[in-house]
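Below: the structure, in structure tokens.
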Amino acid sequence: MKELDARGLQCPKPLMMTKKELDAGCGDLTVKVSNEAAVSNLSHLAKRMGREVSVTQHEDYWDVRFGAAEQAEAGASAACECLVKEPYAVFVGKDHVGEGDETLGKNLMKMALYTLSESGNPPAYLLFMNSGVKLVAGGDQAVVDSVSSLVAQGTEVLVCGTCLDFYGLKDTLAVGEVSNMYDILGRMQESSKTITL
């Protein structure tokens with residue numbers, strides 16, 4: 001049996017680490033986590049993947065144990081892997097997710113881009129406009145790393161040149177290609193769907 005120690009890690013890292021192991025064929029896996037949100041997320045993952053799951057609470061952490069895949073669900077999951085995934089775009093029009101607390105919103109954006117980079121289903125296009133360009137030009141290194149990982153997986157990253165000029169960031173673009181409204185809208189039109197963060 002394999003063990004992962006994800007104690008102290010924030011969402012979605014415990015989930016992404018676990019999914020990577022399970023996708024690689026790990027049959028018996030125990031994940032140590034330090035908060036109830038991670039326990040809940042991992043339990044939902046087990047259900048979606050048709051895996052048996054048990055939780056043991058200790059004084060300051062939980063063990064979430066994944067057992068073998070249920071046979072019927074395992075077959076269904078394998079069949080799903082054969083489906084052709086439609087190309088989709090992700091539009092980032094600001095440097096945070098949602099409205100409310102700015103620090104929380106920026107952390108949520110960092111988590112969203114990390115999750116996209118680890119999901120196994122990267123977008124065909126990642127499109128940055130308005131204050132979203134700050135994320136890839138002088139922004140947090142973790143965000144740049146996530147976007148660079150997406151580029152390595154084949155995602156085309158277009159960054160609004162007008163927006164970079166407006167914020168004085170053209171010389172600090174760390175990842176992506178300087179682009180324009182015509183090309184960015186064109187990528188949205190080519191996509192089966194566009195997700196806006």
Side-chain angles (χ1 to χ4, degrees), residues 6 9-20 23 35 37-38 40-42 44-45 48-49 80 83-197:
L9 298 180
Q10 291 184 358
C11 170
K13 288 190 178 180
L15 183 70
M16 301 309 295
M17 290 168 57
T18 303
K19 186 171 184 321
K20 192 175 285 188
D23 286 346
N35 60 71
S40 176
N41 290 338
L42 292 174
H44 289 300
L45 175 66
R48 283 196 314 272
M49 296 184 79
C80 290
L83 296 174
V84 175
K85 294 177 180 170
E86 294 288 327
Y88 70 98
V90 174
F91 176 78
V92 182
K94 53 190 176 183
D95 62 353
H96 59 280
V97 171
E99 299 304 326
D101 185 80
E102 186 176 329
T103 301
L104 174 62
K106 289 183 178 189
N107 283 333
L108 292 172
M109 180 62 79
K110 186 190 314 187
M111 286 186 249
L113 292 170
Y114 171 79
T115 302
L116 271 178
S117 73
E118 295 289 318
S119 71
N121 182 22
Y125 311 110
L126 186 54
L127 312 166
F128 291 91
M129 291 187 103
N130 208 327
S131 66
V133 303
K134 294 177 181 180
L135 296 164
V136 289
D140 189 306
Q141 187 59 45
V143 170
V144 171
D145 291 344
S146 294
V147 175
S148 297
S149 173
L150 287 166
V151 169
Q153 295 174 61
T155 299
E156 182 180 14
V157 177
L158 300 183
V159 184
C160 169
T162 300
C163 305
L164 288 167
D165 283 340
F166 179 84
Y167 290 108
L169 296 171
K170 206 165 211 168
D171 293 335
T172 60
L173 182 62
V175 61
E177 175 186 339
V178 177
S179 190
N180 56 66
M181 182 68 75
Y182 178 82
D183 288 337
I184 289 172
L185 288 177
R187 298 309 190 274
M188 290 185 194
Q189 292 167 336
E190 293 170 16
S191 302
S192 60
K193 65 181 175 185
T194 298
I195 297 168
T196 301
L197 291 179

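Residue numbers count from 1 along this sequence.
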Side-chain touch [X]/[Y], heavy atoms, less than 4.5 angstrom:
X: H44; Y: L15; value: no
X: E177; Y: D183; value: no
X: M109; Y: L197; value: yes
X: L116; Y: S146; value: no
X: M16; Y: M111; value: no
X: E102; Y: H96; value: no

Donor-acceptor contact present, side-chain S117 to main-chain L150, <3.5 Å: no
Flag, side chain of T155 to backbone of P123, donor-acceptor distance under 3.5 Å: yes
Trace of the side chain to side chain contact (heavy atoms under 4.5 Å, CB included) decision for T162 with M181: CA-CA 9 Å; T162 300; M181 182 68 75; over 6 Å; no
What distance separates [X] [atom1] from [Y] [atom2], expressed to the nearest 0.5 Å?
X: S40; Y: N35; atom1: OG; atom2: CG; result: 10.0 Å
X: M188; Y: T196; atom1: CE; atom2: OG1; result: 6.5 Å
X: N180; Y: C163; atom1: CG; atom2: SG; result: 11.0 Å
X: T18; Y: D23; atom1: OG1; atom2: CG; result: 10.5 Å
X: R187; Y: Y182; atom1: CZ; atom2: OH; result: 9.5 Å

Verdict with supporting geometry, V90 and T194, side chain to side chain contact (heavy atoms under 4.5 Å, CB included): CA-CA 6 Å; V90 174; T194 298; over 6 Å; no
N/O donor to acceptor pairs below 3.5 angstrom from side-chain atoms of residues 125-144, sequence neighbours left out:
from, atom 1, to, atom 2, distance (Å)
Y125, OH, E190, OE1, 2.8
N130, OD1, Y167, OH, 2.8
S131, OG, D95, N, 3.2
D140, OD1, A142, N, 2.7
D140, OD2, K110, NZ, 3.0
Q141, NE2, D145, OD1, 2.8

Atom of S179, atom of I184 and distance for their closest heavy-atom approach: OG-CG1, 4.2 Å
Salt bridge (charged side-chain N to carboxylate O under 4.0 Å, His left out) partners of K193, counting only residues at least two apart: none
